[in-house]
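Only one structure is covered here, and it is reproduced in the block below.
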Amino acid sequence: MSLFSAIATALWAMLPAYVPNNAAVLAGGGRPIDGGRTWGGRRVLGDGKTWRGTAAGTVAGVALALLLNAGSDTIADLLGVAPVEFPLPAALGLALGAMCGDIGASFLKRRTGRERGAPFPGLDQLDFVVGALALAALLDFDWVAATFTPSVLAVVLVATPLLHVVTNGIAYVIGAKDEPW
Ligand code: CTP
Ligand code: MG
């Protein structure tokens, strides 16, 4: 597989996992998942993880996967790569898994004394990738194994942190996010 094909396939296959975090930022607010509860004197998750944000992010990711499925032949022709088709369990795994990875990261941040919005370099950029791939693999292992070949997976692990930094920087500049991470 050429480098271009690996990059195109990686970004295509990960789109349903990239969008949820951004949708959650735009839709977030309302009741926090932890209901305000604390553990060891600190919030379990914090006000930055809400039911509404999580639901909106998951729905956005699944909806995008279905939209991409509808246009898969056209996209494959345009890019010159084999089409990526998202079975529903895989789509749900990528979207909900991305949200869960991000929630897990907040849990770790609070346990390590970091307040809401504090950066945790590395974790901030890869939490949702790990969550997305793990839940997708749990729900449709064969699809994950067939789609994320070693070269595609390598691109995902290198390109995702870069993309995350850029999109969060944009969200910060346009005022959608309080911090650029
Ligand atoms: N958000 C949400 N629900 C989620 C994830 C995000 O409502 N499951 C919204 C919140 O409004 C949050 C914003 O998106 O403040 C930015 O997300 P993120 O950077 O992940 O949260 P932080 O506020 O930085 O909190 P944390 O330190 O826990 O990551
Ligand atoms: Mg944050």
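Whatever order the structure lists ligands and atoms in, that order sets their numbers, starting from 1.
Checked against a 3.5 angstrom limit, the closest N/O atoms of Arg116 and ligand 1 fall inside it. Polar contact with ligand 1: absent for Gly28 (N/O pair, distance under 3.5 Å).
The shell of residues lying under 4.0 angstrom from ligand 1, judged by heavy atoms, excludes Gly46. Ligand 1 has no atom lying under 4.0 Å from any heavy atom of Arg52.
In this structure, atom 9 (C) of ligand 1 lies nearest to the protein heavy atom Ala24 O, 3.4 Å. Atom 24 (O) of ligand 1 has Gly117 CA, 3.4 Å as its closest protein atom, hydrogens excluded (heavy atom only). Protein heavy atom in closest approach to atom 4 (C) of ligand 1: Gly48 O, 3.7 Å. In this structure, the protein non-hydrogen atom closest to atom 19 (O) of ligand 1 is Lys177 NZ, 2.8 Å. Protein heavy atom closest to atom 8 (N) of ligand 1, with residue, atom name and distance, is Thr54 OG1, 2.9 Å. Taking atom 20 (O) of ligand 1 as the reference point, the nearest protein heavy-atom neighbour is Lys49 NZ, 2.5 Å. Given atom 7 (O) of ligand 1, the protein heavy atom at minimum distance is Thr50 OG1, 2.6 Å. For atom 28 (O) of ligand 1, the closest non-hydrogen atom on the protein side is Ser106 OG, 2.6 Å.
With contacts defined as side-chain heavy-atom distances shorter than 4.5 Å, the pair Arg114/Leu108 does not qualify. Taking the side chain as every heavy atom from C-beta outward, Met1 and Val81 never approach each other to under 4.5 Å. In this structure, the side chains of Asp102 and Lys49 come closer than 4.5 Å at one or more pairs of heavy atoms. Using a 4.5 Å heavy-atom threshold, the side chains of Pro83 and Ile75 count as separate.
Each of Leu64, Leu11, Leu94 was scored for a side-chain contact (heavy atoms from CB on, under 4.5 Å) with Tyr18, with one residue passing: Leu11.
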key: Intermediate values then yes/no, salt bridge (charged side-chain N to carboxylate O under 4.0 Å, His left out), Arg42 and Glu115   = CA-CA 9 Å; Arg42 296 186 177 276; Glu115 297 299 336; 3.0 Å; yes
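Taken from CG in Leu15 to CZ in Phe86, the straight-line distance is 7.0 Å, to the nearest 0.5 Å.
Annotation: Arg31, atom CZ; neighbour count of heavy atoms from other residues, nucleotides and ligands within 6.0 Å does not exceed 12.
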